[in-house]
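Right, one structure below, let's go through it.
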2 protein chains.
Amino acid sequence: MTITQLHYVLAVAEHKNFTLAAEKCFVTQPTLSMQIQKLEEELDIIIFDRSKKPISLTEVGEKIVTQAKNIVNEAGRIKDIVDQQKGYIGGEFKVGIIPTIMPTLLPMFLNNFIHKYPKVNLIIEENTTEEIITKLKNGHLDCAIAATPLEEENIKEIVLYYEPFVAYIPENNINYSKKEIDINDLDNDNILLLQDGHCFRNGILNLCKNNKFLEDGGFHLESGSFETLIKLADEGLGVTLLPYLHTLDLNENNKAKLRNFVDPKPAREVSLIYPKNELKIHIIEALRNTISGVVRGAIAFQNVEIISPKLK
Amino acid sequence: MTITQLHYVLAVAEHKNFTLAAEKCFVTQPTLSMQIQKLEEELDIIIFDRSKKPISLTEVGEKIVTQAKNIVNEAGRIKDIVDQQKGYIGGEFKVGIIPTIMPTLLPMFLNNFIHKYPKVNLIIEENTTEEIITKLKNGHLDCAIAATPLEEENIKEIVLYYEPFVAYIPENNINYSKKEIDINDLDNDNILLLQDGHCFRNGILNLCKNNKFLEDGGFHLESGSFETLIKLADEGLGVTLLPYLHTLDLNENNKAKLRNFVDPKPAREVSLIYPKNELKIHIIEALRNTISGVVRGAIAFQNVEIISPKLK
DNA sequence: TCATCTTGATAAATTATTTTGATGCAAATA
DNA sequence: TATTTGCATCAAAATAATTTATCAAGATGA
């Protein structure tokens, strides 16, 4: 069994077609046929059922493919180790970002970064915190941006910035008239939050433990976007909290309903997180510097005294 | 990079000697030299510092070796998949057992098992519950025996038996005169327990929540063996609890101090646990049957009504 | 139904890689 | 200085991978 053979197997499994898979592997079709036959012979099992159209995996084949992916993935990390040693800033670099950070932060640094490090092939994906942790640990992500602290084993966190929350108070609410809000003022309101998995929620729940929402769960909202939350708040269903960077894009009408918190402001800690093995530490450092640079201007002036909750 | 090359690298890393490593790989020394050179050339780094005696790993070399182990380990699982498919009962089979189960259970089934399945190369190691979980997940163990329930993701549990606890009451204790003990009778005693990590401890703490030991922690004992606990109890430092199978080996003097619990007896659930992928399920089933057979005779007659605590 | 197309298997020739036995060379040992 | 130890090197031999050309089975479609 060779790593090459496993690559061939994966290609056929993906394309369900020997000829096409061969092209993708930059070899001729007989090469693929032969090598896969050799592997099947060595293992004395059949991986592909060639009688079906399109070609399908046998039951064992499925398992072999799953494991082959693991092996190939692990093998790929050898290159990462070497790149790290050489201080090479380039190659594939996969970053996970949680949904509530993605739309505001990404545009701020993306252009900057790809121009500064053109050799890096940046691959960004939106993931929940939970997905991020799994993928960091199994190597499907090189680093991620999420709300912290997570205190996960084998994962390191470098704080990028503290982002204060801003209250969004609809007009009919008794707190609307206040210029600034204390977190305890909201004790009697429904606080509309994002669905679980969007870790933003965890960030707030711990701050207002006396809130009705938590006590009796008058109603349970599982919205996926701040836009929905704002509309629901406008309907008089409660108040909501928005991370500062999100409030910058609101229209004037909505901005009028924003109220800053008095110090100490509730805030979320946003960090760059990555596996302890520090395989791509050079690229991670590059990313950190880029983000720090652009973010400083955007939120540094906000005098954030943190009530950073212990997440999850 | 080939899997063979990685094997060669690991062999040299282990033996610190090309000639010896070559022997272990059943190839000649030039083969090893060439292949490792080829790999070093491909990666454009040096793995081994040949100037030192004995040969040593470079800094990158260390990392490469660590990763090579992962790759080789993952590659080895392909064989497991195939074996599983073929229902083959044989090959290497690694079992972890927690310290408080090892000495009593192992002798009961070991002989039986290795005679019944001579093709299985059984490798037993003593591990804490925590180690077991890690090793099951990363494939360094095929299955394990531990106190349950653990409720760990990706790990399955099959209960082997329920083992009742027996109280060990020193003579000076007020409970000594009782023929049977109620768990609540011990509320005012120090209960001597094994150190953390030995999961036996978790099994008891939840049962007697009012115990002084927990309330004020008059003193904290971190003993590693039941023998020590028994001696400390004899010194008048408290009472201790022993799993039933352990009590069978005590001397007469000690046995006199044992008191059964009244129903419902506290008990620990002992299970065979293994990864959800069920890679070696046939061997695991074989092991389960063997253990069930021998254990039934030993503790089935104990009318165990379980207070099985939820473990950590 | 019959020609045609698609697609994987096979054969033979070619090319590339791996392994080996013989030997060299440097450093340690005695 | 002679000897041993241990890795590197080399060229020949053995093995293995790849390719080109071709085939055969099943699908497609006129």
Side-chain angles (χ1 to χ4, degrees), chain A residues 1-62 64-65 68 71-72 75 78-79, chain B residues 1-62 64-65 68 71-72 75 78-79:
Chain A
M1 184 176 72
T2 68
I3 295 172
T4 311
Q5 285 171 343
L6 297 180
H7 272 114
Y8 292 167
V9 167
L10 291 184
V12 174
E14 182 182 350
H15 298 103
K16 312 278 180 214
N17 176 316
F18 276 66
T19 315
L20 181 55
E23 267 176 50
K24 300 285 176 184
C25 294
F26 305 105
V27 292
T28 57
Q29 169 263 315
T31 301
L32 233 76
S33 287
M34 291 294 247
Q35 286 307 312
I36 288 177
Q37 276 176 45
K38 259 195 59 178
L39 180 61
E40 287 181 324
E41 200 175 316
E42 177 187 337
L43 300 178
D44 192 26
I45 46 126
I46 299 299
I47 298 173
F48 295 104
D49 181 349
R50 294 136 167 105
S51 70
K52 296 210 182 102
K53 287 224 165 188
I55 271 181
S56 74
L57 283 160
T58 61
E59 213 172 304
V60 230
E62 294 275 8
I64 299 271
V65 164
I71 299 170
V72 166
I78 292 281
K79 187 174 182 313
Chain B
M1 185 177 71
T2 68
I3 296 173
T4 311
Q5 285 171 342
L6 297 179
H7 272 115
Y8 293 167
V9 167
L10 292 184
V12 174
E14 183 181 350
H15 298 104
K16 311 280 180 212
N17 176 316
F18 276 65
T19 315
L20 181 54
E23 267 176 49
K24 300 284 177 185
C25 294
F26 304 106
V27 291
T28 57
Q29 169 263 315
T31 302
L32 231 77
S33 287
M34 292 287 258
Q35 285 308 314
I36 288 178
Q37 276 177 46
K38 259 194 58 179
L39 180 61
E40 288 180 324
E41 200 175 315
E42 177 188 337
L43 300 178
D44 191 26
I45 47 123
I46 298 299
I47 298 173
F48 295 104
D49 181 347
R50 292 132 167 110
S51 71
K52 296 208 180 107
K53 283 218 168 188
I55 270 181
S56 73
L57 283 160
T58 60
E59 212 171 306
V60 230
E62 294 276 8
I64 299 270
V65 164
I71 298 170
V72 166
I78 292 280
K79 187 173 180 315

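In what follows, chains carry the letters A, B, and so on, assigned in the order in which the sequence lines appear, proteins first and then strands, with residues in each chain numbered from 1.
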Go through A/Tyr8 and A/Val27 one step at a time and tell me if the side-chain contact (heavy atoms from CB on, under 4.5 Å) criterion holds. CA-CA 10 Å; A/Tyr8 292 167; A/Val27 292; 3.6 Å; yes
Kindly indicate whether the side chain of B/Gln37 and the base of D/dA8 share any N or O donor-acceptor pair separated by less than 3.5 Å? no
For the side chain of B/Met34, starting at C-beta, report the closest nucleotide among C/dT10, C/dT19, C/dG8. C/dT19
To the nearest angstrom, how far is A/Leu39 atom CG from D/dA16 atom C1'? 15 Å
Nearest of D/dT19, D/dG6, C/dT10 to any side-chain atom of A/Ser33? C/dT10
Mind checking if A/Leu32 touches a base, just sugar-phosphate, or nothing, with heavy atoms under 4.0 Å? nothing
Atom OG1 of A/Thr31 and atom CD1 of A/Ile36: how far apart are they, to the nearest 0.5 Å? 10.5 Å
At less than 4.0 Å, is any side-chain N or O atom of B/Thr19 found next to OP1 or OP2 of D/dC7? Yes or no. yes
Nucleotide nearest A/Lys38 (side chain, heavy atoms from C-beta), chosen from C/dG8, D/dC7, D/dA17: D/dA17
Return yes if the base of D/dA17 and the side-chain atoms of A/Gln35 contain a donor-acceptor N/O pair under 3.5 Å, otherwise no. no
Passing candidate, side-chain contact (heavy atoms from CB on, under 4.5 Å) with A/Ile3, options A/His7, A/Met1, A/Gln5: A/His7
Using a 3.5 Å distance criterion without hydrogens, assess whether the side chain of A/Gln35 forms a donor-acceptor pair with backbone atoms of A/Thr2. no
Given B/Ile64 and B/Ile45, is the side-chain contact (heavy atoms from CB on, under 4.5 Å) satisfied, shown in steps? CA-CA 10 Å; B/Ile64 299 270; B/Ile45 47 123; 3.9 Å; yes
A/Phe48/A/Thr58 under side-chain contact (heavy atoms from CB on, under 4.5 Å): CA gap, chis, key distance, verdict: CA-CA 6 Å; A/Phe48 295 104; A/Thr58 61; over 6 Å; no
Among C/dT20, D/dT19, C/dG8, the one nearest A/Phe18 by side-chain distance: C/dG8
Can you tell me how far P of D/dG6 sits from CD1 of B/Ile36, to the nearest Å? 16 Å
Length of the CD-P vector between B/Gln29 and C/dC25, whole Å: 16 Å
Quickly work out the B/Ile55 CD1 to D/dT5 P distance and round it to whole Å. 16 Å
Separation of atom CZ in B/Phe26 from atom P in C/dT20, rounded to whole Å: 12 Å
Looking at DNA chain D, which of residues 41-50 of chain B put a heavy atom within less than 4.0 Å of it? B/Arg50
Verify whether one side chain among A/Ser33 and A/Gln29 offers a donor that lies under 3.5 Å from an acceptor in the other. yes
Mapping A/Thr4 and B/Asn17 to their closest nucleotides on DNA chain D, which lands nearer the 5' end? B/Asn17
Side chains of A/Leu43 and A/Val60 in contact at under 4.5 Å (non-hydrogen atoms): no
A/Thr31 side chain N/O closer than 4.0 Å to the phosphate oxygens (OP1, OP2) of D/dT19? yes
In whole angstrom, what separates B/Glu23's CD from D/dC7's C1'? 15 Å
Take atom OH of B/Tyr8 and atom C1' of C/dT17, then tell me their distance rounded to the nearest Å. 12 Å
Would you mind reading off the distance between A/His15 atom NE2 and C/dT6 atom C1', rounded to a whole angstrom? 18 Å
